[in-house]
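Below is one structure, written out as structure tokens; comments come after it.
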2 protein chains.
Amino acid sequence: MSFTHSVTADPEVDQEATALIDALVRTSFVTTAIISKIAADHDLSLTQLRVLAILEDRRVKMTDLADYLGLDKSTISGLIDRAQKRGLVERAPNPLDGRGVDVFLTKTGADLAQVGRVVIASALSPMTGVLHRAESERLTTLLERMLDGR
Amino acid sequence: MSFTHSVTADPEVDQEATALIDALVRTSFVTTAIISKIAADHDLSLTQLRVLAILEDRRVKMTDLADYLGLDKSTISGLIDRAQKRGLVERAPNPLDGRGVDVFLTKTGADLAQVGRVVIASALSPMTGVLHRAESERLTTLLERMLDGR
DNA sequence: TATTGTTATACTCTATAACTATA
DNA sequence: TATAGTTATAGAGTATAACAATA
């Protein structure tokens, strides 16, 4: 199979596949840009904001965080160092594994996570608000089917 | 208006809005992760790959690149420095403005851009391929309406 | 005066490699 | 031996500020 030529015999199928991919990539860049902007407004990187979002409803080990974010554990150490220095998170020994270190939000971190979540929803609403209720539901369903089916 | 409370009186509308935002954010992170992985496989950052994609069908000024990517012009200087050192792009004086600098792909850069585009489509297909033809078309339409309507 | 681009600087993000401590 | 985490190191990405050249 070649990467530089069509994988199907039907040019119309290819055309629709390309259109979906373009829309998906555009959506991702626009959404990411909006979220990054909000993070920057609060002196956070996109990654730091994601850490807050992950920790908003759970206490996890450093390794779990690395898995969630797809980053190396050494990267997580630095990330958490900086967040901790800012008073957003705390470390504590994991009670079940003497090697493990748990991370969780401070009150300040939890507040910031909540603000972030609400502001993101608000910042995305000019985009999501374009759709009517039924369209919004259809879009949600399609995206969830695509994400969960892969 | 408060940011920490619902902006509507109808809790069902809020619930659907939240579901759409969650799906949108999840889609964006998954898509971005897939593209970043492909970039890394070719020793490129996500930003470098985006530069190649932008330049694939146009020659632009440094400032245009900054606008497209939403980055500072000084960031672009560094980005293009590194891409140029790798033989992916070239600089040339802009013929219409003595201050301007044009950027464009070399043959190597154009080849890499094309490979990137095809590999991305292939890497996203396990996700996009979950949907049937009609669903795929509906999703594309909804995303385009949302992006262009904002 | 305003715009275009570069450079110097500083900080964050990221991975690799080497290390310690625990399992 | 394998896993969890940290540290040192190096390079990329990013913005701010100061600058030179051109408009």
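None of the values given here were measured: they were computed from a predicted structure. In what follows, every heavy atom counts, from backbone to side chain, and hydrogens, waters and symmetry copies are set aside.
Distance A/Asp64 CG to D/dA4 P: 9 Å, rounded to the nearest Å. Protein atom CD1 of B/Ile76 is 15 Å distant from nucleotide atom P of C/dT7, rounded to whole Å. When rounded to the nearest whole Å, the span between CG of A/Asp81 and P of C/dC11 equals 16 Å. Regarding A/Asp43, its CG atom lies at a distance of 14 Å from the C1' atom of D/dT16, rounded to whole Å. What separates CD1 of A/Ile80 from P of D/dT7 is a distance of 13 Å, to the nearest Å.
Taking the side chain to side chain donor-acceptor pair (under 3.5 Å) definition, one finds that B/Arg58 meets it with nothing, sequence neighbours left out. Qualifying side-chain contact (heavy atoms from CB on, under 4.5 Å) partners for B/Thr108, counting only residues two or more places apart in sequence or in other chains: B/Leu88, B/Thr106. Residues passing the side-chain contact (heavy atoms from CB on, under 4.5 Å) test with A/Ala66, sequence neighbours excluded: A/Ile76. Qualifying salt bridge (Lys or Arg N to Asp or Glu O under 4.0 Å) partners for A/Lys73, counting only residues two or more places apart in sequence or in other chains: none. Listed by chain and number, the residues in a salt bridge (Lys or Arg N to Asp or Glu O under 4.0 Å) with A/Asp57 amount to none (sequence neighbours excluded). Scanning for side chain to side chain donor-acceptor pair (under 3.5 Å) contacts around A/Thr140 gives B/Glu16, with sequence neighbours left out. Partners of B/Asp67 by side-chain contact (heavy atoms from CB on, under 4.5 Å), not counting sequence neighbours, listed by chain and number: B/Thr63. Residues forming a side-chain contact (heavy atoms from CB on, under 4.5 Å) with B/Ser74 (at least two apart in sequence, or on another chain): B/Asp72.
Sorted by first and then second residue, the salt bridge (charged side-chain N to carboxylate O under 4.0 Å, His left out) pairs involving residues 78-96 of chain B (not counting sequence neighbours) are B/Asp81-B/Arg91.
Heavy-atom distances under 4.0 Å link DNA chain D to no residue of residues 26-38 of chain B. The stretch residues 86-94 of chain B does not touch DNA chain D, since none of its heavy atoms comes less than 4.0 Å from the strand.
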Exercise for the section: Go along nucleotides 13-23 of chain C 5' to 3' and tag each nucleotide: B for a protein heavy atom under 4.0 Å from its base, S when only backbone or sugar atoms are that close, - otherwise. Expected result: SBBBB---BBS
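Residue A/Ala110 comes nearest to A/Leu105 through the heavy atom pair CA-CD1, 3.7 Å, listed as atom of the first residue, atom of the second, then distance.
Of the possible polar contacts, one joining the A/Asp64 side chain to the A/Lys61 backbone as a donor-acceptor pair under 3.5 Å is found.
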